[in-house]
Amino acid sequence: QVQLVESGGGLVQAGDSLRVSCAASGRTSSVYVMGWFRQAPGKEREFVAAIRWSGISTYYVDSVKGRFTISSDNAKNTLYLQMNSLKPEDTAVYYCAAKVSRRGVWYSPPYEYWGQGTQVTVSS
């Protein structure tokens, strides 16, 4: 089992920056990929970014490329998402997730473990 706890969400203005974190515990040695997803009100949850737990590779959805950076500190078992130039359309609950299986493309679902989410609200 892997436990995930997000933190760092909040209310910011458009153009601001914010960093959300995800602390992982439990069987973190089994983690292959860590990812960030988000879900806006009335919308389905969508993929945002992923990183191999080794930190070698990253992948982003087109809408956040150049603005968001995913990173990890394996010594602290912590995942980060640095969000710059935030837009109102980035408003959502942000979830971190851990993938232990090696099926399919490395950043693709399924992700087996999920955090409870942290709210990010961007005002215009």
Side-chain angles (χ1 to χ4, degrees):
Q1 294 286 334
V2 178
Q3 293 80 43
L4 304 171
V5 179
E6 301 95 335
S7 61
L11 172 64
V12 298
Q13 293 187 333
D16 284 352
S17 297
L18 190 67
R19 189 178 77 166
V20 291
S21 303
C22 173
S25 60
R27 293 190 61 188
T28 57
S29 61
S30 66
V31 174
Y32 172 44
V33 174
M34 293 287 290
W36 286 100
F37 292 75
R38 65 186 180 186
Q39 187 167 19
K43 295 187 177 181
E44 293 188 355
R45 186 166 58 191
E46 67 168 347
F47 169 84
V48 176
I51 185 169
R52 292 188 196 262
W53 202 221
S54 63
I56 295 175
S57 303
T58 59
Y59 185 81
Y60 299 89
V61 68
D62 285 347
S63 60
V64 307
K65 283 181 181 177
R67 299 190 299 122
F68 290 12
T69 303
I70 188 171
S71 63
S72 63
D73 184 337
N74 290 41
K76 296 182 178 180
N77 284 329
T78 303
L79 178 73
Y80 303 100
L81 185 68
Q82 176 67 43
M83 302 181 287
N84 299 329
S85 302
L86 282 161
K87 304 175 182 180
E89 52 264 43
D90 294 317
T91 294
V93 177
Y94 282 72
Y95 299 90
C96 73
K99 177 177 180 179
V100 300
S101 67
R102 298 184 179 235
R103 291 180 288 166
V105 179
W106 69 269
Y107 53 82
S108 65
Y111 286 70
E112 291 85 357
Y113 301 100
W114 294 83
Q116 83 289 348
T118 186
Q119 177 71 47
V120 173
T121 303
V122 185
S123 63
S124 57

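Counting heavy atoms from C-beta outward, Met83 and Ser17 have side chains that stay 4.5 Å or more apart. When side chains are defined from C-beta on, Tyr59 does not count as touching Val105, because their heavy atoms never get closer than 4.5 Å. The side-chain heavy atoms of Met34 and Leu4, taken from C-beta on, include a pair separated by under 4.5 Å. In this structure, Val2 and Ser30 have side chains that are in contact, with non-hydrogen atoms separated by less than 4.5 Å. Asp90 has its side chain out of reach of Val120: every pair of non-hydrogen atoms, C-beta onward, lies at least 4.5 Å apart. Side chains of Val93 and Tyr95 form a contact here, defined as non-hydrogen atoms less than 4.5 Å apart. In this structure, the side chains of Leu18 and Leu86 come closer than 4.5 Å at one or more pairs of heavy atoms. With contacts defined as side-chain heavy-atom distances shorter than 4.5 Å, the pair Phe68/Val61 does not qualify.
Between atom SG of residue Cys22 and atom CD of residue Gln3 there is a gap of 11.0 Å, rounded to the nearest 0.5 Å. Within the model, atoms SG of Cys96 and OH of Tyr113 stand 13.5 Å from one another, a figure rounded to the nearest 0.5 Å. The line from CG of Asn77 to OG1 of Thr28 is 4.0 Å long, rounded to the nearest 0.5 Å.
A donor and an acceptor atom, one from each side chain of Asp73 and Thr78, are nowhere located under 3.5 Å apart.
Nearest heavy-atom pair, Pro109 versus Lys99, reported as atom, atom and distance to 0.1 Å: O-NZ, 4.4 Å. Considering all non-hydrogen atoms of both residues, Trp106 and Ala50 come closest at CH2-O, 3.8 Å. Counting all heavy atoms, side chain and backbone alike, Leu81 lies closest to Ala49 at CD1-CB, 4.4 Å. In terms of heavy-atom proximity, Val31 sits nearest to Ala98 at CG2-CB, 4.2 Å. Across Tyr60 and Thr69, no two heavy atoms sit closer than the pair OH-CA, 3.3 Å. Taking all atoms of both residues into account, the shortest heavy-atom contact from Ala40 to Thr91 is CB-O, 3.6 Å.
Heavy atoms from other residues, nucleotides or ligands lying under 6.0 Å from CD of Gln116 number more than 12.
Under a 4.0 Å N-O distance rule, the pair Asp62/Lys65 qualifies as a salt bridge.
Checking side-chain atoms of Thr121 against main-chain N and O of Leu11 turns up no donor-acceptor pair under 3.5 Å. Put simply, the side chain of Asp16 never gets that close to the backbone of Asn84: no donor and acceptor are under 3.5 Å apart. Looking at Glu6, its side chain never comes within 3.5 Å of a backbone N or O of Thr118 through a donor-acceptor pair. A side-chain donor-acceptor contact under 3.5 Å links Arg67 to the backbone of Ser85.
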Could you check Glu112 against Ser101 for side-chain hydrogen bond (donor to acceptor under 3.5 Å, both in side chains), going step by step and ending with a plain yes or no?
CA-CA 8 Å; Glu112 291 85 357; Ser101 67; 2.9 Å; yes

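In this structure, Val12 is not a member of the same hydrophobic cluster as Tyr80, with clusters built from ILVMFWY side-chain heavy atoms closer than 4.5 Å. Connection of Val33 to Leu79 is established within a shared hydrophobic cluster, with ILVMFWY side chains joined at heavy-atom distances below 4.5 Å, either directly or through further cluster members.
If you look at Phe37 and Phe47, their ring centroids are closer than 6.0 Å.
Sorted by first and then second residue, the side-chain hydrogen bond (donor to acceptor under 3.5 Å, both in side chains) pairs with a member in residues 43-52 read Tyr32-Arg52, Arg38-Glu46, Arg52-Ser57; sequence neighbours excluded.
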